[in-house]
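Right, one structure below, let's go through it.
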Amino acid sequence: MGQGLWRIARSQQLQQQGYSGQGYLTREHGRRIAANNVSNTSHRKQAQGGIDIYHLLKTRKSKEQEGFINLEMLPPELSFTILSYLNATDLCLASCVWQDLANDELLWQGLCKSTWGHCSIYNKNPPLGFSFRKLYMQLDEGSLTFNANPDEGVNYFMSKGILDDSPKEIAKFIFCTRTLNWKKLRIYLDER
């Protein structure tokens, strides 16, 4: 309800300032505005029918506005950079608002590789319908399983094709993964 009220107030504020439309730009329209702003020497001028980034950020700084900047109004490179600082939970929440941006495979690939530095699946051709978001969920599930029972966790990774059944691959995975419980890891290595 709070966001709905904010959008109505923001829409009224933009109409009072002379902007037409709903106040939100599509990604393609935002790109055109950004391209126009780069080509113009005066980047403070308003592009046709939209809000330029300078004005958007200037308005954002005012204390009266309590909302947030819509990432779809920014250039995609900037939006992806902002979203790359989120953890998996926050990125899932962001995908509720910015579906196209937060479901980007490069963001999820970065999350996978930053948490689980080595997996056998990284070096293989991905199967049809492969998704790094789904892989992240499987890696997280496998890590939780490993922390409860190490043998079951390793078997889970192998059954999903994430990890090959070779000592070298298992050693690389263990060395590059930060989410494994060290006590369970020691027990697992002692038994092998």
Side-chain angles (χ1 to χ4, degrees), residues 1-4 6-7 24 26-27 30-31 57 60 66-192:
M1 182 166 176
Q3 285 205 358
W6 178 82
R7 287 182 180 162
Y24 296 101
T26 63
R27 182 187 295 181
R31 286 181 186 157
L57 294 174
R60 173 68 177 112
E66 294 294 325
F68 58 90
I69 295 175
N70 189 351
L71 292 180
E72 291 177 345
M73 294 176 73
L74 300 175
E77 297 83 15
L78 184 58
S79 300
F80 289 135
T81 303
I82 292 168
L83 290 174
S84 71
Y85 288 101
L86 299 179
N87 61 23
T89 305
D90 293 337
L91 196 56
C92 284
L93 292 172
S95 70
C96 295
V97 179
W98 302 291
Q99 292 174 357
D100 292 338
L101 293 173
N103 287 329
D104 186 70
E105 284 295 304
L106 289 176
L107 290 173
W108 287 99
Q109 181 180 5
L111 277 173
C112 287
K113 290 187 176 183
S114 67
T115 308
W116 298 275
H118 177 80
C119 291
S120 303
I121 199 166
Y122 294 159
N123 302 323
K124 298 178 183 176
N125 287 334
L128 188 63
F130 177 79
S131 165
F132 275 101
R133 182 176 181 169
K134 182 180 175 185
L135 177 64
Y136 184 93
M137 301 305 170
Q138 290 175 339
L139 285 166
D140 192 42
E141 173 89 19
S143 294
L144 292 173
T145 305
F146 184 94
N147 290 339
N149 185 339
D151 289 322
E152 285 183 26
V154 171
N155 289 336
Y156 177 85
F157 289 127
M158 290 179 195
S159 70
K160 297 293 183 181
I162 296 170
L163 194 59
D164 290 340
D165 189 11
S166 76
K168 189 174 184 178
E169 288 294 312
I170 294 172
K172 283 182 182 178
F173 177 77
I174 289 172
F175 181 74
C176 296
T177 302
R178 298 185 181 125
T179 59
L180 302 178
N181 184 326
W182 66 272
K183 290 179 182 178
K184 297 291 185 175
L185 185 58
R186 188 172 67 192
I187 292 168
Y188 175 74
L189 294 175
D190 286 343
E191 290 176 355
R192 288 182 68 98

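Atoms OG and NZ, from S166 and K168 in turn, are 8.5 Å apart once rounded to the nearest 0.5 Å.
Salt bridge present: D164 and K124 bring a charged side-chain N and a carboxylate O closer than 4.0 Å.
Looking at every heavy atom in both residues, S131 comes nearest to E105 through OG-OE2, 3.3 Å.
At least one donor-acceptor pair closer than 3.5 Å links the side chain of S114 to the backbone N or O of L111. A donor-acceptor distance shorter than 3.5 angstrom exists from the side chain of N147 to the backbone of N181, with no hydrogens or angles considered. A donor-acceptor pair is defined here as one N or O able to donate and one able to accept, closer than 3.5 Å; no such pair exists between the side chain of T177 and the backbone of T179. Panel note: side chain N155, backbone D151; a donor-acceptor pair is recorded below 3.5 Å.
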Open item on the list: For a side-chain contact (heavy atoms from CB on, under 4.5 Å) check, start with the C-alpha distance between T115 and R178, then their side-chain angles and the critical distance, and finish with the verdict.
Closed with: CA-CA 6 Å; T115 308; R178 298 185 181 125; 5.8 Å; no

- [ ] Could you go through the side-chain contact (heavy atoms from CB on, under 4.5 Å) check for E141 and K160 one step at a time?
- [x] CA-CA 11 Å; E141 173 89 19; K160 297 293 183 181; over 6 Å; no

Open item on the list: Walk me through whether W116 and S143 qualify under side-chain contact (heavy atoms from CB on, under 4.5 Å).
Closed with: CA-CA 10 Å; W116 298 275; S143 294; 2.9 Å; yes

TODO: Would you check, one step at a time, whether the test side-chain contact (heavy atoms from CB on, under 4.5 Å) holds for L107 with F132?
DONE: CA-CA 9 Å; L107 290 173; F132 275 101; over 6 Å; no

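Ring to ring, F146 and Y188 are close: their centroids are under 6.0 angstrom apart.
Qualifying ring pair (Phe, Tyr, Trp, His ring centres under 6.0 Å) partners for Y122, counting only residues two or more places apart in sequence or in other chains: none.
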